[in-house]
Protein chains: 2
Amino acid sequence: MPVQPPSSTPAHAAEAGEAGPAFAPLYQQIKGLITRELQAGTWKPAEAIPSELELAARYKVSQGTVRKAIDELAAENLLVRRQGKGTFVATHAEQHIQYRFLRLMPDDGSDQRLARRLLDCRRARAPADVARALEIKSGDAVVQLRRLLLMPDKSAAPAAERPVVLDEIWLPGALFKGLTAERLADYKGPMYGMFETEFGVRMIRAEEKIRALAADAADAELLAVPAGAPLLSVERLSFTYGDKPVELRRGLYNTSGHFYRNELN
Amino acid sequence: MPVQPPSSTPAHAAEAGEAGPAFAPLYQQIKGLITRELQAGTWKPAEAIPSELELAARYKVSQGTVRKAIDELAAENLLVRRQGKGTFVATHAEQHIQYRFLRLMPDDGSDQRLARRLLDCRRARAPADVARALEIKSGDAVVQLRRLLLMPDKSAAPAAERPVVLDEIWLPGALFKGLTAERLADYKGPMYGMFETEFGVRMIRAEEKIRALAADAADAELLAVPAGAPLLSVERLSFTYGDKPVELRRGLYNTSGHFYRNELN
DNA sequence: CAGTGGTCTAGACCACTAG
DNA sequence: TAGTGGTCTAGACCACTGA
């Protein structure tokens, strides 16, 4: 139910007095309502949401207003429009892009897919710094994974794999109850797709802090580089709906054959 | 003059047959026309462009169509809307942001401004790799600058400056004719502001390739770190209108007290 | 006050998709 | 063919700015 500020009441919307969202443009209120449905899981990933006309009727606003709300949600990658078919909830599960947030590109333009190797997966208590980032209490249950991303090396005989990324991943235990090494290994497709379908956790956006540092002995061994070799350290915090942090990931990238690609606007 | 595909002619636009842009939505054609004016310099940075109604009349389309075109240009940071005042050409010259594309943040949240120190500025012939990036011929005239960005260190007595960034910048000589060390040193405000007002070159967007590498002896000395220390290498190619590359910048960042911040959507 | 961008509507027609 | 998103219009009113 749209709510308008006292002075700006476009007649048609003068009906409901409901204690809704704070006064804001109508389309932003609609955007908020749609976001709530997404958050609540009324419309699931990969499903179509109601048509624009349907939503317009439901919310008692014009199609143009619904349209503007959906425009913004599509710009934020929460929805995907497909002409002639409908508007769909964005998903990681069926996307062709293997790694949603990974910006690493090989020096030669090839689009080699990286293979995964799970190193370990265990339940633990959150250290203070991890807890702070995930906005949980220090000592709360977390799942800790470590894994390698490897690049197939066809020049070697027989075919070998060169480690490129070492990831350490922390997830809040409360959200990822049944997560085990087996389930991870069994699951085909991107990890974020699994989080979505198996645990109902959808990653919306992320923030990264990037540094250069020297490999310590353990990391050097896993990445097959000399100890002290320069590595790219990428600390990523990922968020779901409502800007809630749900994953902390610390990656070490070997940038001798790859680079991190960024676009600035 | 709007051009419509054969079957979709909204009557009002049926007039001109001019050999314009390929058939596309009206608002995109308008967007193209506005972009051309910006490119040609008809409307200069920081100036207001004509009002939406004025443009609508000029192009013989409705205000809503102009609006959508401007919406996109504003989203691309080419224009800035200011309610009640008008729509303005974006500029670097008067912005409060010191460094348009620099994503470096201090570990403590302080927003310390970095000082500049010009190391050298000379005309040279473009090496092959630089020429390729800038899309000029190998051996063409270029301007090469090197400079440091320094962070004021208040813990030292007396106040010292700690080098954080070492930049090596290559500019096509044809576009930056009168650029000298003196003019650079004299100019207050951001370098991109100077490029804009003095040389009519406006940076629109950039692409970066980021790696970790070990400091060589010369770089280590300039950045006051041990030789072999890990540094962030940021190679940035900046573009003006028409995706024309106009600056190649190779930066070495000391990330012991700062980090490169990125947002992923 | 007039002029600007910002929101909203109602209705038309188009392009694409699928039964 | 019916239903969807995509474009475009014309006109109304709002909120903000500055003379």
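Treat the numbers as computed from the prediction; the structure is a model and nothing was measured. Residue numbering restarts at 1 for every chain, and letters A, B, ... go by the order of the sequence lines.
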- Heavy-atom neighbours of B:R113 CZ exceed 12 at 6.0 Å: no
- Note on the structure: In whole angstroms, the gap separating C1' of C:dG3 from CZ of B:R82 amounts to 16 Å
- Protein-nucleotide distance (B:L53, atom CG; C:dA2, atom P), rounded to Å: 16 Å
- DNA chain C in dot-bracket, Watson-Crick or G-U pairs under 3.5 Å, [ ] crossing, | other strand? ||||||||||||||||||.
- Task: Take the protein atom OH of A:Y27 and the nucleotide atom P of C:dC8, then report the distance between them rounded to whole Å.
- Result: 7 Å
- Could you tell me how the ring of A:F199 sits relative to the ring of A:F176: parallel (under 30°), tilted (30 to 60°) or perpendicular (over 60°)? tilted
- Query: Of A:Q63 and A:K68, whose nearest nucleotide on DNA chain C comes first from the 5' end?
  - Reply: A:K68
- Message: Would you say B:S51 places a side-chain N or O within less than 4.0 Å of OP1 or OP2 belonging to C:dT4?
- Response: yes
- Item | Distance, rounded to the nearest Å, where B:I30 contributes CD1 and D:dT7 contributes P | 14 Å
- Length of the CD-C1' vector between B:Q29 and D:dC8, whole Å: 12 Å
- Query: Is B:Q83 touching bases, backbone alone, or none of the nucleic acid, heavy atoms closer than 4.0 Å?
  - Reply: base
- Message: By nearest atom, which of the nucleotides D:dT9, D:dT7, C:dA10 is closest to the B:P25 side chain?
- Response: D:dT7
- Task: Mind checking side chain to side chain donor-acceptor pair (under 3.5 Å) for B:R100 and listing every partner two or more places apart, or none if nothing turns up?
- Result: none
- How are the rings of B:F101 and B:Y192 set to each other: parallel, tilted or perpendicular (split at 30° and 60°)? perpendicular
- Report which part of the nucleic acid A:R67 touches: base, sugar-phosphate, or nothing (heavy-atom distance under 4.0 Å, all strands). base
- Message: Please report the distance, rounded to the nearest Å, between CD in A:E52 and C1' in C:dA12.
- Response: 15 Å
- Residues that A:F239 engages under ring-ring contact (aromatic ring centres under 6.0 Å, His included), provided they are two or more places apart: none
- Sorted by number, the residues of residues 85-93 of chain A with heavy-atom contact under 4.0 Å to DNA chain C: A:K85
- Taking only N and O in the side chain of A:T65, is any of them less than 4.0 Å away from OP1 or OP2 of C:dC8? no
- Exercise: identify the closest heavy-atom pair between A:L150 and A:R116: CD1-C, 4.3 Å
- Note on the structure: Smallest heavy-atom separation, B:R81 atom then B:A74 atom, equals CG-CB, 4.2 Å
- Note on the structure: Nearest heavy-atom contact between B:A206 and B:S238 is CB-OG, 3.8 Å
- Task: Go through the steps for B:E54 and B:Y59 under the test side-chain hydrogen bond (donor to acceptor under 3.5 Å, both in side chains), then give the verdict.
- Result: CA-CA 9 Å; B:E54 157 76 27; B:Y59 296 136; over 6 Å; no
- Task: List in numerical order all residues of residues 71-81 of chain A for which some heavy atom is under 4.0 Å away from an atom belonging to DNA chain C.
- Result: none
List the atom pairs, with distances to 0.1 Å, where a side-chain N or O of residues 83-90 of chain A and a protein N or O form a donor-acceptor pair under 3.5 Å, not counting sequence neighbours.
none

- Which whole-number value in Å describes the distance from A:Q28 CD to D:dA15 P? 15 Å
- Minimum heavy-atom distance between B:L171 and B:V246, given as atom pair plus value: CD2-O, 3.6 Å
